[in-house]
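Accompanying notes for the structure given below.
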Protein chains: 2
Amino acid sequence: MKFNPVNDKKIYQQIIEQIKKMIYNGDLKKGAKLPSERKLTKELNVSRSSLREAFSALEMIGLIECRPGEGTFIKEKVSDNFLEPLSLLFMVEEDVNEDLIELRKMLEVSGVKLAASRATEEDLQRIKNSIRQMEVNKGDVQKSGIADRDFHYAVAMATQNTLVSKFLNSISEAIDIYFANAMQRIVNNESRNEEFIAQHRHIYKALVNRDQELAETTMLEHLTWSKNLIINS
Amino acid sequence: MKFNPVNDKKIYQQIIEQIKKMIYNGDLKKGAKLPSERKLTKELNVSRSSLREAFSALEMIGLIECRPGEGTFIKEKVSDNFLEPLSLLFMVEEDVNEDLIELRKMLEVSGVKLAASRATEEDLQRIKNSIRQMEVNKGDVQKSGIADRDFHYAVAMATQNTLVSKFLNSISEAIDIYFANAMQRIVNNESRNEEFIAQHRHIYKALVNRDQELAETTMLEHLTWSKNLIINS
DNA sequence: TTTACTATACTGGTCTGACCATATGTCCTA
DNA sequence: TAGGACATATGGTCAGACCAGTATAGTAAA
């Protein structure tokens with residue numbers, strides 16, 4: 001006897017499957033306009049509610065864009081924060097912390113090598129500015145945090161790989177959320193704060209000199225140092 | 001005169017914001033049961049449709065789980081394919097291809113170093129088996145593809161970092177989808193197929209010997225070789 | 001008292017039909 | 001021809017209904 005698998009998926013998931021296939025087949029390309037909701041409900045033989053559940057899910061992950069009065073479109077450009085939903089997951093996942101830090105280290109250490117070979121003058125300027133902000137705002141948790149984020153953001157951009165920088169940024173964001181207290185411990189201790197800034201300077205110098213090896217080791221040192229501060233808190 | 005920013009966000013997005021905050025504040029932990037939809041609609045003063053749009057989006061990214069007759073829960077374990085929605089994005093994004101390959105290279109090269117130091121006997125066995133499958137199925141595109149995927153999957157697992165392996169797998173999946181033809185070009189040429197298998201053997205040998213440096217270089221060679229095959233197609 | 005069953009309330013899944021605000025296109029007028 | 005008024009189409013939101021399951025409390029049987 002042979003049973004056919006029962007299709008127990010929710011309707012909105014089935015709709016997503018179909019849209020997926022259409023994208024895969026090339027029927028839906030970037031910027032394409034989808035049929036109106038009312039038309040689609042007839043074609044798919046589903047209610048508008050179910051269709052809208054599918055659309056809201058697809059909009060959340062940044063695949064489509066629903067514009068009132070106009071229609072629904074496949075997004076022209078994937079938004080910068082397309083990984084933002086993931087940070088939600090990191091927030092509930094408690095045991096993932098060390099894994100998260102390790103993942104960041106892997107990406108950022110190899111990322112900084114790319115940055116060393118590809119960074120533009122503009123990138124370097126932005127990195128330099130972020131370090132300046134750290135120096136000016138010694139002791140200020142808030143502003144030091146922002147400066148640090150700027151630094152790593154700029155380095156990520158300097159890889160000239162938008163995908164890498166997006167991944168990296170959303171990972172960093174998740175880490176920042178989780179370990180907001182780490183920055184406190186850095187900034188509240190003067191010598192620690194000095195060391196913190198010095199490490200960023202070293203990385204910057206390596207980038208300016210296009211020294212991939214040095215960039216790698218200095219970044220590795222920095223992240224290892226940071227990790228210890230985070231973990232032992 | 002001062003204007004307050006108009007809250008133009010869609011209701012389902014506002015609901016997600018609220019749930020986000022509750023998670024951030026620790027009010028919602030893993031496995032927690034959310035209030036029933038009917039209760040929440042009253043508390044949030046929204047319609048059930050809007051609430052369900054929010055829920056379907058959250059379910060899509062794997063944050064919650066809606067079980068008919070029971071209720072809605074924060075997922076206990078983040079599912080293995082929590083990055084699957086991302087592959088959708090990769091599919092529409094055409095210029096991302098090279099970036100994607102580079103990202104994979106970064107992650108997998110540093111990943112294989114971890115694997116070299118952490119792989120269990122079981123991991124090594126699985127890797128060995130996948131290579132055996134490549135040898136047995138020379139010329140078979142389908143099965144060779146599966147074996148290759150198994151190999152890289154097993155290496156990713158061997159990092160003992162679930163987050164890294166999940167990221168890696170979803171990236172590999174996206175690449176496989178995009179470059180299905182690459183495997184064809186490898187398998188259809190006998191000497192290329194031999195080379196392909198030999199590279200995997202080298203990586204395996206490095207892993208068995210716990211040689212991180214060698215694992216890194218062999219993996220780098222393998223991925224660079226593969227990339228050239230993909231790009232020049 | 002314990003077990004087994006049943007009725008009931010409750011849950012998420014789905015559908016229908018309505019109304020709104022906005023965007024677009026049309027046609028008529030000045 | 002330019003401008004304005006109107007009709008139409010779109011997504012956003014809501015209310016209410018029904019269904020198929022699950023959970024639970026209450027009852028009957030052991």
Side-chain angles (χ1 to χ4, degrees), chain A residues 3-20 22-23 28 30-77 79, chain B residues 3-20 22-23 28 30-77 79:
Chain A
F3 290 97
N4 285 322
V6 177
N7 197 343
D8 60 343
K9 274 194 179 165
K10 297 170 189 175
I11 291 194
Y12 87 86
Q13 290 167 333
Q14 297 181 41
I15 297 174
I16 291 176
E17 287 295 322
Q18 288 214 29
I19 293 179
K20 208 174 182 174
M22 292 181 75
I23 291 176
L28 285 178
K30 282 193 296 181
K33 180 178 179 176
L34 295 174
S36 79
E37 295 182 356
R38 279 143 179 111
K39 256 184 210 148
L40 261 183
T41 55
K42 284 174 192 162
E43 284 191 40
L44 297 171
N45 197 28
V46 297
S47 73
R48 216 177 137 209
S49 329
S50 300
L51 182 64
R52 285 187 58 77
E53 284 181 24
F55 276 11
S56 61
L58 292 176
E59 193 179 28
M60 166 122 198
I61 67 169
L63 182 72
I64 66 174
E65 195 179 359
C66 305
R67 294 203 287 268
E70 292 186 63
T72 305
F73 306 83
I74 307 282
K75 261 207 178 176
E76 193 66 46
K77 286 209 168 188
S79 53
Chain B
F3 290 97
N4 285 323
V6 177
N7 197 344
D8 60 343
K9 272 193 180 167
K10 297 171 189 174
I11 290 194
Y12 88 84
Q13 290 168 332
Q14 297 180 42
I15 296 174
I16 291 176
E17 287 295 322
Q18 288 213 30
I19 293 178
K20 209 174 181 174
M22 294 182 75
I23 291 176
L28 285 178
K30 280 194 298 179
K33 179 177 180 178
L34 295 174
S36 80
E37 295 181 355
R38 277 137 178 118
K39 255 183 210 147
L40 263 182
T41 55
K42 284 173 191 162
E43 284 190 38
L44 296 172
N45 196 29
V46 297
S47 75
R48 215 176 138 211
S49 326
S50 299
L51 182 63
R52 286 187 56 77
E53 284 180 23
F55 276 11
S56 60
L58 291 176
E59 193 180 27
M60 166 119 197
I61 67 169
L63 182 71
I64 66 174
E65 196 179 358
C66 304
R67 295 203 286 266
E70 293 185 63
T72 304
F73 306 83
I74 306 282
K75 262 209 177 174
E76 194 67 46
K77 286 208 171 190
S79 53

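Reminder, nothing fancy here: chain letters follow the sequence lines and each chain counts from 1.
Remark: P of dG11(D) and NZ of Lys10(B) are 10 Å apart, rounded to the nearest angstrom. As rounded to whole Å, 12 Å separates atom C1' of dG11(D) from atom OH of Tyr12(B). The distance from atom CG of Leu34(A) to atom P of dG11(D) is 9 Å, rounded to the nearest whole Å. At whole-Å resolution of the value, CD1 in Ile15(B) and C1' in dG12(D) are 12 Å apart.
Note that CD1 of Ile15(A) is 13.0 Å distant from NZ of Lys10(A), once rounded to the nearest 0.5 Å. The structure places CG of Leu51(A) at 10.5 Å from CD1 of Ile11(A), a figure rounded to the nearest 0.5 Å. Between the CD atom in Glu53(A) and the CD atom in Gln13(A) there is a gap of 9.5 Å [rounded to 0.5 Å].
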Verdict with supporting geometry, Lys33(A) and Glu70(A), salt bridge (charged side-chain N to carboxylate O under 4.0 Å, His left out):
CA-CA 9 Å; Lys33(A) 180 178 179 176; Glu70(A) 292 186 63; over 6 Å; no

Run the salt bridge (charged side-chain N to carboxylate O under 4.0 Å, His left out) test on Lys9(B) and Glu17(B) for me, step by step, so that the C-alpha distance in whole Å, both residues' side-chain angles and the decisive distance to 0.1 Å come before the verdict.
CA-CA 10 Å; Lys9(B) 272 193 180 167; Glu17(B) 287 295 322; 3.6 Å; yes

For this session: Give the C-alpha distance, both sets of side-chain angles, the deciding distance and a yes or no for salt bridge (charged side-chain N to carboxylate O under 4.0 Å, His left out) between Lys39(B) and Glu37(B).
Result: CA-CA 5 Å; Lys39(B) 255 183 210 147; Glu37(B) 295 181 355; over 6 Å; no

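For DNA chain C, the outermost nucleotides in 5' to 3' order that have an atom under 4.0 Å from a heavy atom of chain B are dT11(C) to dT14(C).
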For nucleotides 19-25 of chain D, 5' to 3', base contacts (B), sugar-phosphate-only contacts (S) and non-contacts (-) with protein non-hydrogen atoms under 4.0 Å give --BBS--

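The minimum heavy-atom distance linking Phe55(A) with Ile64(A) is given by the pair O-CD1, 3.5 Å. Summarising the geometry of Ile16(A) relative to Ala54(A), their closest heavy-atom pair is CG1-CB, 3.9 Å, with the distance given to 0.1 Å. Between Glu76(A) and Gly31(A), the shortest heavy-atom contact is OE1-CA, 3.2 Å.
Inter-residue side-chain proximity for Glu65(A) and Thr72(A) is flagged as unmet; no heavy-atom pair is nearer than 4.5 Å.
Within residues 42-52 of chain B, the residues having any heavy atom closer than 4.0 Å to DNA chain C are, in order of number, Arg48(B), Arg52(B).
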